[in-house]
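Letters A, B, ... are given to chains in the order of the sequence lines, protein chains preceding strands, and every chain is numbered from 1.
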Amino acid sequence: MNDNYHVFSDGRLERHNDTVRLVTDEGEKKYLPIENAEALFLHGQIDYNTRLMSFLNDEGVAAHVFGWNDYYAGSIVPERGQTSGRTLVEQVRSYDDPDSRLSIARAFVAGSIHNMRANVSYYHNRDHDFESVIDELERIGDGLDEAGDVSELMGMEAGARRAYYSTFDAILPEGFVFGGRQYNPPSNEVNSLISFGNSLVYANCVSAIRATALDPAVSFLHEPGERRYSLALDIAEPFKPVLADRVIFRLLNRGQLTTDSFEEDLNACLLTETGRKTFSKAFEETLDRTVEHPRLDRKVSYQYLLRIEAYKLKKHLLTGEPYEPFERWW
Amino acid sequence: MVYVIAVYDVQADRTRLFLNYLRRHLVHVQNSVFEGEVTEGELERMRNHVEDLLEPGESTIIYTVSAESYVDRTVFGDDPTEDSQFL
């Protein structure tokens with residue numbers, strides 16, 4: 001099992017007897033079994049030293065840092081265990097070839113639209129009428145082949161997302177108004193959840209890419225350099241509806257998160273610590289869910305699907321086998 | 001993946017060896033009792049390492065089940081494995 005460990009307390013993380021120990025500000029000591037850790041998610045105010053960093057590096061465990069306001073602040077990733085000059089060369093070559101880049105970028109958008117549509121259909125079949133949104137998503141999805149360049153694709157993606165988001169106000173329970181996507185800072189509860197959820201997806205993609213020889217900075221849909229690990233933004237795209245949005249719907253519709261789980265601060269609306277904990281827990285449960293994989297002929301966790309995505313992309317770059325994006329099949 | 005329960009009974013001044021080692025793999029639930037999910041390979045490494053640590057008169061028992069859901073587990077009081085991923 002590749003577990004993510006989320007640290008919400010304030011305190012100090014240290015290497016202790018060949019594993020990681022958290023000493024909270026209250027003096028409580030807690031141990032993390034390092035052997036099956038995938039990554040540490042640091043949400044609290046944490047002190048650490050270089051000794052811990054080199055230990056995490058040796059163990060191949062990443063640390064993702066979350067700030068109080070902007071949520072995802074950055075990652076400290078282990079030195080790459082996988083290096084392959086050939087993969088990097090092919091990746092850059094493919095990025096540099098307009099046709100090749102466009103076809104990979106199109107796959108990410110196609111996957112993303114397919115999975116948005118799956119969410120909308122789910123609620124369409126449960127006493128909502130989203131016929132027009134489904135048609136719109138289908139129309140945009142069918143038109144992807146006509147996009148002449150990546151920025152046109154980005155525009156189509158944005159259009160699909162707008163149509164998709166228009167269903168949120170109907171899906172979410174009373175008391176939660178979405179009213180369109182806003183970030184930096186998120187202006188209301190739903191926007192705040194989407195920001196937090198997406199940053200968790202993104203951080204998990206960073207971990208997944210690190211397991212391969214792909215370079216996380218060379219991306220196809222997003223411009224490289226837009227953010228440091230822009231390939232994680234690409235891969236995150238088709239997973240956001242499945243991993244982040246479904247958790248949001250579930251938690252709000254079941255009342256596990258209420259308006260009390262948020263605090264207003266300087267025109268921003270942010271999750272409280274308890275709220276973040278509830279969300280992260282539900283998110284981790286989702287990552288641990290398994291589904292029968294038709295090609296691998298065994299059950300894989302949602303978390304492993306991220307890794308498969310990176311492997312598929314690498315295989316496409318090296319062998320030319322068509323890259324089929326992740327599209328929810330169950 | 002297998003779910004493991006490990007218990008040990010060793011000389012008082014040597015318990016920390018086992019404690020420190022098992023903490024890297026599992027959750028410490030009670031004095032000399034550990035639980036957690038590991039891969040088959042990790043289990044094999046644990047078996048070998050524990051065997052190396054043992055001295056005459058000491059013992060360690062590792063129980064395995066194929067999945068956590070097969071363990072019928074009733075906890076009275078605080079459950080140390082609960083939320084062990086969230087600190």
Side-chain angles (χ1 to χ4, degrees), chain A residues 1-13 15-26 28-44 46 55 58-59 61 273-288 290 298-301 303-304, chain B residues 1-8 10 13-50 52-53 60 62 64-71 77-87:
Chain A
M1 169 109 46
N2 291 311
D3 279 333
N4 289 323
Y5 288 89
H6 292 259
V7 182
F8 293 93
S9 328
D10 297 342
R12 183 175 177 75
L13 270 182
R15 174 181 183 164
H16 183 81
N17 288 328
D18 280 341
T19 195
V20 174
R21 174 169 83 171
L22 169 73
V23 184
T24 65
D25 284 352
E26 285 78 45
E28 224 183 319
K29 289 176 181 150
K30 294 168 175 175
Y31 292 82
L32 304 178
I34 194 69
E35 293 286 336
N36 43 25
E38 166 102 1
L40 311 181
F41 286 66
L42 310 181
H43 304 269
I46 306 289
F55 180 59
D58 292 344
E59 299 289 332
V61 175
E273 191 190 312
T274 334
R276 285 201 218 183
K277 221 171 184 167
T278 307
F279 192 94
S280 310
K281 211 177 280 181
F283 188 84
E284 288 298 329
E285 280 163 20
T286 307
L287 286 179
D288 284 344
T290 57
R298 63 179 170 93
K299 286 194 150 192
V300 295
S301 67
Q303 184 175 28
Y304 196 71
Chain B
M1 299 295 292
V2 282
Y3 195 74
V4 166
I5 302 164
V7 298
Y8 57 79
V10 300
D13 59 341
R14 289 174 22 85
T15 51
R16 63 183 171 78
L17 290 175
F18 292 80
L19 179 77
N20 292 341
Y21 177 70
L22 291 174
R23 238 180 206 151
R24 296 173 52 181
H25 299 267
L26 306 166
V27 181
H28 188 202
V29 280
Q30 283 182 8
N31 284 339
S32 68
V33 181
F34 287 79
E35 272 181 49
E37 198 166 33
V38 298
T39 62
E40 303 275 353
E42 197 183 342
L43 175 63
E44 200 49 41
R45 276 188 286 135
M46 284 168 62
R47 282 180 168 144
N48 291 333
H49 191 87
V50 164
D52 288 346
L53 285 178
T60 296
I62 297 179
T64 63
V65 274
S66 52
E68 189 182 357
S69 51
Y70 291 121
V71 190
D78 294 334
D79 184 353
T81 64
E82 195 181 87
D83 289 351
S84 56
Q85 258 175 285
F86 305 90
L87 310 168

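With sequence neighbours left out, B:Ser32 forms a side chain to side chain donor-acceptor pair (under 3.5 Å) with no residue at all. Residues that satisfy the side-chain contact (heavy atoms from CB on, under 4.5 Å) test with A:Thr274, not counting sequence neighbours, are A:Thr272.
The structure places CG of A:Leu32 at 11.0 Å from CZ of B:Arg23, a figure rounded to the nearest 0.5 Å. Atom CZ of B:Phe86 and atom NZ of A:Lys30 lie 12.5 Å apart (nearest 0.5 Å). A distance of 15.5 Å separates NZ in A:Lys29 from CG in B:Leu87, rounded to the nearest 0.5 Å. Taking CD from B:Glu37 and CG from A:Asp288, the interatomic distance works out to 8.5 Å, rounded to the nearest 0.5 Å. One distance of note links CG of B:Asn20 with NE2 of A:His16; it measures 6.0 Å at 0.5 Å rounding.
Proximity to chain B involves both the backbone and the side chain of A:Phe8, based on heavy atoms less than 4.5 angstrom apart. Within the 4.5 angstrom heavy-atom criterion, only side-chain atoms of A:Leu22, from C-beta onward, approach chain B. Looking at A:Thr24, neither its backbone nor its side chain comes within 4.5 Å of chain B, counting heavy atoms on both sides.
Taking 4.5 Å as the limit, some side-chain heavy atom of B:Arg45 sits within range of a side-chain heavy atom of A:Glu35.
Interface summary for chain B: among A:Lys281, A:Glu28, A:Arg21, the most heavy-atom pairs under 4.5 angstrom belong to A:Lys281. Top candidate by heavy-atom pairs under 4.5 Å with chain B, chosen from A:Asn17, A:Thr19, A:Ile34, A:Val20, is A:Asn17.
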